[in-house]
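In what follows, chains are A, B, ... by sequence order, proteins preceding strands, each numbered from 1.
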Amino acid sequence: MIDLKQLRDEPDRYREGARKKGVDVDIDRILSLDERRRALMTEQETLRAEQNKLAKEAGPRMGRLSGERKGADAERQAAIDAELHELRARPAALKDSIQILEKEILAISPELDALLLSVPQPPDADVPVGKGAEDNVQIRTWHADGFDPAKPFKAQRGFPARTHMEIAKRLGLVDFERGVKMAGSRSYVLTGDGMRLHQAVLRYAFDFMVERNGFTPVSAPVVVREECMVGTGFFPAGRDQAYHIEESKRGSGHDLFLTGTGEVALMALHQDEIIDEDRLPLRYTTVSTCFRREAGAAGKDTAGLYRVHQFDKVEQVVICRPDEQESRRWHATMIGYVEALLQSLRLPYRLLQCCTGDLGVKNADMVDIECWMPGRGDEGPDGSPTGAYSETHSASRLYDFQCRRLNLRVRGESTGGKPAPAHSLNNTVLASPRILIPLLEVHQNEDGSVTIPEPLRPYMGGRDRVG
RNA sequence: GGAGAGGUGGCAGAGUGGUUGAAUGCGCCGGUCUCGAAAACCGGUAUUGCCUUCGGGUAAUCGAGGGUUCGAAUCCCUCCCUCUCCGCCA
């Protein structure tokens, strides 16, 4: 959520930000609703102040008079009644006026609140302006010696690339048919070494964050209340993407939602908290199952392990002091962790600077990491795929946007002793089975086997290959 | 699923209709004392909105929402959550 005060001060910044992101939001409507609401509140407050004053002054007198009335003669009673009547008239009139104002405020608030939630965070000035993924800008690429995505797979390896589906089928790693039988399209069953590889790579990534980078390991709910989804910024915009458990329809309890990323629980952990500055930065990592409806993606990437409804992901989250430079440093650092991880797995990748149109509502900046997948892309002249970079990671810098929604604040010297929304960042560490695509395709051998990258071998019983 | 108890400040915990935004204790901050520290003593210590001549003023907030009342942490209703015991169970 953006800061309403800032919106009032510099509405053009938010108009421009929304325009760059291609988000349609009526800033003028917000400003006029806000102005109206504030005017009503000021009026209401004045009346309340008088009401409180009367309650303090006239109230006790009324109490005494009521008591005195019981033992008084008829004439005295009449006098008391008259005074009581007078004392009551003013507060009663105030109460009516206050309630009328209250109704007017209540009529405005839902629309204003909903509009406020939909105002995107303006992109940083150094983010390239663009419409969508096609306008993203490559920052750099990396590949291990001996395998360069820029050259044809066959020329380097001596045989045409097989897709991960072919490899998986040959080695019995994935059972797509039975997955679909049980749970519909975009479902799969990992079997044998497929499941072992999945677990190995997740565990390796998790240990990598905990042991090498000092992140706090966490296991947290993947089924959460709506506030967590709104607070982390996934709702209302991404409501269609989340599975919805309608417990309230059973007559008790409240609705729940399946989280699409570990980010939700890692951030919502500290919802409504004020954190002491010297406890920062908080660095959390979790491995969690992620659920995505993939609404609107019908027909896109239907085959294989690329786009599925359920997967597991190691996620990293940093909550730091509200300082732009500190946020920027963490962003770079968190991307660095992923680069080191991918390099250790010898998976070629590239960094993409996302353009403004690709940032989503929450982010001030976002960098995607795409791994080289030899089995994707168009079919080449020899009938085998040409390969393509495809997204495996996404590193977001949100500044205080998410923490303001979550009511997650910091207090300390840097905030002048007052609570202030913290800054937050998140980045994928590794998502599987998607990562199995480059892992199988890049490390496949001519005989159909797959070489297990060295760091995963301890998690695979010491073996150096599958198949 | 059955029965019961309860949700109050950073924490513990009083408070059943009227200067109670809230006693007391702990914690934290400042001060006195001390060579220094501890102890003791004194003082301070919620959040948010709005207004501001930047001194402050004002309103709201005791799980959430509604109601009664001139006035609600306190009474009534609805909902949510937590805990204990029993049952079931990975």
Which value, in whole Å, describes the distance between the [atom1] atoms of nucleotides [N] and [M]?
N: A12(B); M: A60(B); atom1: P; answer: 27 Å
N: A23(B); M: G44(B); atom1: P; answer: 12 Å
N: A14(B); M: U20(B); atom1: C1'; answer: 12 Å
N: G27(B); M: G9(B); atom1: C1'; answer: 12 Å
N: U84(B); M: G30(B); atom1: P; answer: 40 Å
N: U82(B); M: C41(B); atom1: C1'; answer: 41 Å
N: G13(B); M: G18(B); atom1: P; answer: 25 Å
N: A38(B); M: U45(B); atom1: C1'; answer: 23 Å

Quickly work out the [X] [atom1] to [N] [atom2] distance and round it to whole Å.
X: Met41(A); N: U58(B); atom1: CE; atom2: C1'; value: 11 Å
X: Glu273(A); N: C11(B); atom1: CD; atom2: P; value: 10 Å
X: Glu227(A); N: G65(B); atom1: CD; atom2: P; value: 13 Å
X: Asp276(A); N: C11(B); atom1: CG; atom2: P; value: 13 Å
X: Leu47(A); N: A60(B); atom1: CG; atom2: P; value: 12 Å
X: Leu408(A); N: U47(B); atom1: CG; atom2: C1'; value: 15 Å
X: Leu40(A); N: A59(B); atom1: CG; atom2: P; value: 18 Å
X: Leu106(A); N: G66(B); atom1: CG; atom2: C1'; value: 11 Å

When you measure from the side-chain N and O atoms of [X] to the phosphate of [N], is any distance below 4.0 Å, counting only OP1 and OP2?
X: Arg38(A); N: C51(B); result: yes
X: Arg409(A); N: U48(B); result: yes
X: Arg225(A); N: C80(B); result: no
X: Arg8(A); N: C50(B); result: yes
X: His254(A); N: C81(B); result: yes

For [N], what is the paired nucleotide under Watson-Crick or G-U wobble rules, both distances under 3.5 Å?
N: C70(B); result: G18(B)
N: U53(B); result: none
N: A3(B); result: U84(B)
N: A90(B); result: none
N: U61(B); result: A46(B)
N: G10(B); result: C26(B)
N: C41(B); result: G31(B)

Quick one: do [X] and [Y] make a salt bridge, cutoff under 4.0 Å?
X: Arg37(A); Y: Asp113(A); result: yes
X: Glu315(A); Y: Lys313(A); result: yes
X: Lys362(A); Y: Glu263(A); result: yes
X: Arg457(A); Y: Glu454(A); result: no
X: Asp365(A); Y: Arg328(A); result: no

Taking the nucleotide of RNA chain B with the nearest heavy atom to each, does Ile274(A) or Glu50(A) sit closer to the 5' end? Ile274(A)

Residue met sooner reading RNA chain B from 5', once Pro419(A) and Thr42(A) are mapped to nucleotides: Pro419(A)

Base orientation of G55(B), syn vs anti, 90° cut from 0: syn

Proximity to the side chain of Arg411(A) - top-ranked nucleotide from A46(B), C50(B), A59(B): A46(B)

Tell me whether Arg434(A) forms a cation-pi arrangement with Tyr306(A), defined as NZ or CZ under 6.0 Å from the six-membered ring centre and within 45 degrees of its axis. yes

Work out which heavy atom in Asn427(A) is nearest to a heavy atom in His393(A); give both atom names and the distance. OD1-CB, 4.3 Å

